[in-house]
Amino acid sequence: MSERGGVPAGGIPPGGLFIDGQWTPARSAATFATLDPSTEETVARVARGGPADVDDAVRAARAAFAGPCRRMAPVDRALLLTRAARTLESRAEEFAILETRDTGKPLSLSRSEIRGCVRYFDYYAGAADKIQGETVPLGPDYLDYTVREPCGVTAHITPWNAPLSMVCRSLAPALAAGNTAVVKPAEQAPLTALALADVLREAGWPAGAYNVVTGFGGEAGAALSGHPGIDSLTFTGSVPTGRAVLRAAGENITPVLLELGGKSPQIVFDDADLDHAADEIAKGIFTNAGQYCDAGSRLLVHTAVHGPLLERLAERTARLRVGPGMDDPDVGPLISAAQRDRVLGYIDAGRSAGAHVVAGAADFPKGYFVAPTLLDGVRPDMLVAREEIFGPVLAVLTFGGDDEAAELADATDYGLAAGIHTRDVDRALRFARDVRAGYVMVNEYFTGGVESPFGGSGHSGYGRERGLAALDNYTRLRNVVVRIKGDERP
Ligand code: NAI
Ligand code: MG
């Protein structure tokens with residue numbers, strides 16, 4: 001295997017932590033395995049970081065922030081981000097394969113997520129030299145101006161469902177704004193976050209600007225979220241862990257952005273184009289085996305079109321190819337045995353509560369597979385109508401009129417995304433205005449891009465990622481008032 005900047009060309013990064021520009025074992029010397037969910041085989045062993053390693057990483061990030069990063073002109077940060085984009089682009093296939101091996105995700109989907117990562121670097125490269133303040137009118141005897149300064153050391157605790165994408169989503173705006181970063185990737189899929197270290201180093205980012213501490217949530221994650229040296233924390237993951245992170249950060253009054261899950265509705269009215277709606281609904285729940293925070297996991301369908309829509313959905317569901325990520329199927333395995341069992345538990349709970357299981361079979365000797373599943377006849381009080389399943393399972397509920405649809409749409413603790421399928425523009429705009437969701441999509445699911453601000457309310461969390469709005473998470477506003485003396489009027 002040839003070496004390129006420390007990372008073997010085969011794509012598996014060295015097993016160490018990445019701290020202050022160096023690969024280093026955990027202080028405890030402990031390691032753990034990350035598996036390929038398609039085969040249940042070990043892909044690599046990585047360092048099991050703990051509190052002492054987090055300390056080292058935060059110290060390195062602090063030194064880089066106070067030193068080379070602070071001195072860097074915004075246009076130079078833009079250049080380094082652009083270089084990171086080009087380097088990642090040139091190695092996109094290697095990263096896609098690594099992501100697929102570590103998560104089981106279909107190869108095409110990994111390719112598309114890596115393209116999205118490249119886009120994050122390009123987008124925020126373009127923003128780096130446009131993060132500007134204002135002057136505030138106080139009259140001729142004062143100059144009042146604001147400066148949008150970086151927060152300092154930013155922490156990023158990321159999930160396994162779109163591993164590199166979740167890192168780049170918050171890292172790129174953080175670096176663009178002049179911060180440094182400590183990343184704690186999910187223990188189930190830490191490899192691409194490690195491999196990114198090499199990309200950023202090759203692009204010219206100074207040592208300490210990007211640090212990665214791999215490890216378990218209760219160890220490295222807890223240490224990072226409670227660390228007093230963190231100036232801003234971004235967490236993406238589950239609601240219970242979000243609460244724990246918030247409590248730990250609260251000790252230090254560290255600002256936190258939370259991007260938690262959802263139970264996002266796709267609402268189909270009786271005037272919708274049913275063929276198109278069926279395509280979008282299937283995409284919204286089966287892409288990534290349903291393991292996206294904004295998966296359209298509840299179908300709310302008008303009773304008048306329930307039959308024809310379900311027929312179309314059942315046909316599409318039966319056609320999906322389920323298989324190992326490297327075979328590039330439509331649907332890969334879930335991330336882990338635990339996640340598979342969790343999802344199967346929800347399917348059982350739905351069945352016992354009286355839901356009708358419409359489609360699905362996946363029989364593989366190995367791997368954490370769950371067949372794409374439609375749960376028809378779900379009632380609003382059922383567990384499967386309210387809780388995030390995070391698997392390829394669609395809960396189907398019906399409604400009779402717009403008011404009932406609106407009520408059902410808002411009948412969970414979440415408020416992340418919503419999909420609306422109708423040909424009536426007024427109805428679409430009414431729902432887009434009123435539905436409890438931070439991200440609304442009309443007649444196309446998973447639409448929008450890096451440019452579109454994304455986030456939720458309620459148990460889905462708060463704060464916005466993507467777009468220019470994300471820069472607010474990684475900047476602080478300083479106001480300076482200057483008294484101008486010397487030509488006082490009589
Ligand atoms: P999790 O929320 O526990 O894990 C997310 C990240 O938090 C990982 O990096 C993990 O190591 C870290 N973490 C865990 N405990 C921590 C702690 N005490 N302090 C600091 N960091 C900690 O999610 P998990 O358990 O892997 O998945 C369970 C459920 O969470 C899923 O079934 C799904 O419903 C939801 N989830 C939602 C995601 C989203 O995108 N909103 C992503 C992943 C999971
Ligand atoms: Mg893995």
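Here the structure is a predicted model, which is why all the values come from computation and not from measurement. Remember, it's 1-based here, ligands and their atoms both numbered in the order they're listed.
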Check: [X]/[Y] side-chain N/O donor and acceptor closer than 3.5 Å:
| X | Y | result |
| --- | --- | --- |
| N179 | T154 | no |
| T158 | T236 | no |
| S238 | T241 | yes |
| H156 | S170 | yes |

Which heavy atom in [X] sits nearest to a heavy atom in [Y], and how many Å separate them?
| X | Y | answer |
| --- | --- | --- |
| R201 | W23 | NH2-NE1, 4.0 Å |
| P163 | T192 | CB-OG1, 3.9 Å |
| L233 | L224 | CD1-O, 4.4 Å |
| Y462 | V256 | CE1-O, 3.0 Å |

Heavy-atom proximity to [atom], best of [options]:
| atom | options | answer |
| --- | --- | --- |
| atom 37 (C) of ligand 1 | G237, G261, G391 | G237 |
| atom 2 (O) of ligand 1 | S225, G221, S238, A186 | S238 |
| atom 7 (O) of ligand 1 | F390, Y292, Y346, F235 | F235 |
| atom 32 (O) of ligand 1 | K184, Q339, E259 | Q339 |
| atom 41 (N) of ligand 1 | V183, L260, T214, T241 | L260 |

For [atom], find the nearest protein heavy atom and state the residue, atom name and distance (0.1 Å precision).
| atom | answer |
| --- | --- |
| atom 43 (C) of ligand 1 | P159 CB, 3.5 Å |
| atom 10 (C) of ligand 1 | E187 OE1, 3.5 Å |
| atom 39 (C) of ligand 1 | C293 CB, 3.5 Å |
| atom 18 (N) of ligand 1 | G217 O, 3.9 Å |
| atom 34 (O) of ligand 1 | E388 OE1, 2.7 Å |

Quick one: does [X]'s side chain have a donor or acceptor within less than 3.5 Å of a partner on [Y]'s backbone?
| X | Y | value |
| --- | --- | --- |
| R48 | T214 | no |
| E280 | Y445 | yes |
| N252 | A249 | no |

With backbone taken as N, CA, C and O and side chain as the heavy atoms from C-beta onward, which portion of [X] lies under 4.0 Å from ligand 1: side chain, backbone, both, or neither?
| X | answer |
| --- | --- |
| M166 | neither |
| T158 | backbone |
| L224 | neither |

Quiz item: From the Mg ion (ligand 2) out to just under 2.8 Å, does an N/O/S atom of D36 turn up?
Solution: no
Quiz item: Of all the atoms in L35, is at least one N, O or S atom closer to the Mg ion (ligand 2) than 2.8 Å?
Solution: yes
Practice problem: Would you mind listing which atoms of ligand 1 come within a distance below 4.0 Å of any non-hydrogen atom of I157? | Solution: 6 (C), 7 (O), 9 (O), 12 (C), 21 (N)
Self-check item: T236: numbered ligand 1 atoms lying under 4.0 Å from its heavy atoms
Solution: 5 (C), 40 (O)
Quiz item: Under the 4.0 Å line, does any protein heavy atom show up next to atom 25 (O) of ligand 1?
Solution: no
Self-check item: Under-4.0 Å protein heavy-atom contact, atom 4 (O) of ligand 1
Solution: no
Practice problem: Output yes when R466 and E451 qualify as a salt bridge under the 4.0 Å nitrogen-oxygen rule, no when they do not. | Solution: no
Quiz item: Taking the six-membered ring for Trp, are the ring centroids of W160 and F390 within less than 6.0 Å of each other?
Solution: yes
Quiz item: Contact between Q188 and ligand 1, counting heavy atoms under 4.0 Å?
Solution: yes
Quiz item: How open is the angle at the Mg ion (ligand 2) from atom O of Q188 over to atom OG1 of T34, rounded to 10 degrees?
Solution: 80°
